[in-house]
S.K.: 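Right, I'll just put the structure down here and ask away after.
No hydrogens, no waters, no symmetry mates; every other heavy atom, side chains included, goes into these values. Just so we're clear, the structure is a prediction, and the values are computed from it rather than from any experiment. The chains referred to below are lettered A, B, ... by the order of the sequence lines, with proteins before strands, and numbering in each begins at 1.
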2 protein chains.
Amino acid sequence: MQIAPHSHAGGHPPATRRLRPALFQGLTTPEMRLVRRVFTEDLYDDAEAVPRDPARAPFVGLLLDGCLREDAVLQGGERLFALTFPGETLSPLGPRRRRGRLSAIGAVQLLTCDRDGFERIAQEVPRLRLNLLGLVQEHLTEAQRWQVLLGRKSASERVASMLNWFHARQGAPAELHLPVTRTELGQMAGLTMETVSRQVRALEKAGVIDLPLPSRVRVIDPGALHSLSGDAQPQRLH
Amino acid sequence: MQIAPHSHAGGHPPATRRLRPALFQGLTTPEMRLVRRVFTEDLYDDAEAVPRDPARAPFVGLLLDGCLREDAVLQGGERLFALTFPGETLSPLGPRRRRGRLSAIGAVQLLTCDRDGFERIAQEVPRLRLNLLGLVQEHLTEAQRWQVLLGRKSASERVASMLNWFHARQGAPAELHLPVTRTELGQMAGLTMETVSRQVRALEKAGVIDLPLPSRVRVIDPGALHSLSGDAQPQRLH
DNA sequence: CGATAGTTTGACTTCTATCAAGGCATGTGG
DNA sequence: CCACATGCCTTGATAGAAGTCAAACTATCG
């Protein structure tokens, strides 16, 4: 892959600070201090793999900077399955997902905690357990959103949805960063590279987005993007 | 709907007893006794709804008999989203899924526990918390399996996969029970009713299954069903 | 200034949705 | 007990959307 590495220089500002990452929601300041002592900051270079074996994989993780990609291995081929953007979390892995590969896109800064550390801290901050459950549920919700996309949407709706989601998840910056190839966008959306390209281009021609580079998307009309995504309420006709 | 109610009379035997439902895995006999005291058995009639509001919804549930259907509400229409078969579990709901509807297909027997009860018992049997997490992860795995189906499979593979999964999940009985219409199978697989019908018929003509009734499927060649599902290892050609 | 990896565009094919008609069970009323 | 109404399933003809194949284009890097 030859995608330009993620960089803040001259680009969008770091995603608008979220209230509080879901994992740490509802914690008091002294509790946060305790928690900080258990979590460690890991750094990864572009394309470096995050460990997935039970011994070394992070039990939970909070992505501070950069992007992560998850590739699923299925009958021979690898396919891009999911992207993680700053502010989002890694939840503990089920048995199936351990087969896949998780790797950095650009320079990645990850706040992680192992299982024992989590158990220890959860004794003192029981709220953490609840948050962890909510986290996994959120991933489930996300998966079901993709299910709707893949099951019922047309190619143009899929592409609009995907851009719209990524835009929102990156904190609605002026310029959205697509850190993967058209082929990989297609793998996530269940489309071919050519169809993705055609639909992205169509959005550009419609004036909804601008494409200074294939991987840089300036969102001109977020409202149109949303209504083209098929998630909007069906328009009343009068 | 006019589907014949679920019945064991003259049908397949109750699903081969699983080792132990995932929720109770690794519990000792005395622990199981404690647990049994906290869980209650709820009965539902055909088409009856399982409560979903936070106050009355089961926090976790284990389906003992019958089937459950989960319908998602999205921009106007309702669509069948998922089926639950005996031995499978209901996990606590994320915010999004509360919008949907969960209802009984046939006579349903459900072993449930509310949130407070779960918290209490989890103090004494910490393993339960781990199992709960595993449960939600299993649902996530399942959702991702559907993502692959919807994203990359052809109509014939989708139908073969679906039948194959349902067959396995019902405990591989001689005669598999499809408790929903072709339209609803289509909603789950991202296909139209007509396409589902054609593909099911094609499997019948190929001798892989037999269809004494549209909702009764006798699986003649489980191996073929699996290889037609597209999940099988790609065949070596020599 | 190539060379490489990715993207775009076009022509053509294939697959599945759509529209429409008929078929088969099940349940109801005469 | 039979006719018929209903709901679902099946089958066929057709059109449209997306996949495939192939060629040209563009950015980036050495």
S.K.: If you pin B:Pro214 and A:Leu213 to their nearest nucleotides in DNA chain D, which one's is more 5'?
M.R.: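 Going by which nucleotide is closer to the 5' end, it is B:Pro214.
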S.K.: Could you measure the distance from the CD atom of A:Glu157 to the CZ atom of A:Arg152? Nearest 0.5 Å is fine.
M.R.: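 Between atom CD of A:Glu157 and atom CZ of A:Arg152 there are 10.5 Å.
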S.K.: Taking ring-ring contact (aromatic ring centres under 6.0 Å, His included) as the test, write out the residues that go with B:Tyr44, two or more places apart.
M.R.: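 B:Tyr44 satisfies ring-ring contact (aromatic ring centres under 6.0 Å, His included) with no residue once adjacent residues are dropped.
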S.K.: So how far is it from B:His167 NE2 to B:Leu163 CG, rounded to the nearest 0.5 Å?
M.R.: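 Interatomic distance, B:His167 NE2 to B:Leu163 CG, rounded to 0.5 Å: 9.5 Å.
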S.K.: Does A:Arg201 make a side-chain N or O approach to OP1 or OP2 of C:dT9 shorter than 4.0 Å?
M.R.: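 Yes, such a contact exists.
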S.K.: In whole Å, what is the span from the CG atom of A:Leu178 to the P atom of C:dT8?
M.R.: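 Taking atom P of C:dT8 as the reference, CG of A:Leu178 is at 11 Å.
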S.K.: Within the side chain of B:Asp221, is there an N or O that forms a donor-acceptor pair under 3.5 Å with the backbone of B:Val208?
M.R.: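 Side chain of B:Asp221 to backbone of B:Val208, a donor-acceptor pair under 3.5 Å: no, none is there.
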S.K.: Has the side chain of A:Gln109 got a donor or acceptor atom that lies under 3.5 Å from a matching backbone atom of A:Asp42?
M.R.: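 Looks like no, no N/O pair under 3.5 Å.
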S.K.: Distance check: side-chain N/O of A:Arg182 vs OP1/OP2 of C:dG6, anything under 4.0 Å?
M.R.: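 Looking at the OP1 and OP2 atoms of C:dG6, neither is under 4.0 Å from any side-chain N or O of A:Arg182.
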S.K.: Which whole-number value in Å describes the distance from A:Glu184 CD to C:dA5 P?
M.R.: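 Those two atoms, CD and P, are 14 Å apart.
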S.K.: Parallel under 30°, tilted from 30 to 60°, perpendicular over 60°: which one fits the rings of A:Trp165 and A:Trp146?
M.R.: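 Aromatic pair A:Trp165/A:Trp146 classed perpendicular.
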S.K.: Could you tell me how far apart A:Glu204 (CD) and D:dT26 (P) are, to the nearest whole angstrom?
M.R.: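 Going from CD in A:Glu204 over to P in D:dT26 covers 13 Å.
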S.K.: Nucleotide by nucleotide, 5' to 3', does protein get under 4.0 Å of the base (B), only the sugar-phosphate (S), or neither (-) in nucleotides 15-24 of chain C, counting heavy atoms?
M.R.: -SSBB-----
S.K.: Write down the distance between CG (A:Leu211) and P (C:dG6), rounded to a whole number of angstrom.
M.R.: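 In whole Å, C:dG6 P and A:Leu211 CG are 18 Å from each other.
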S.K.: To the nearest angstrom, how far is A:Arg216 atom CZ from D:dT28 atom P?
M.R.: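 Nearest whole value for this atom pair: 10 Å.
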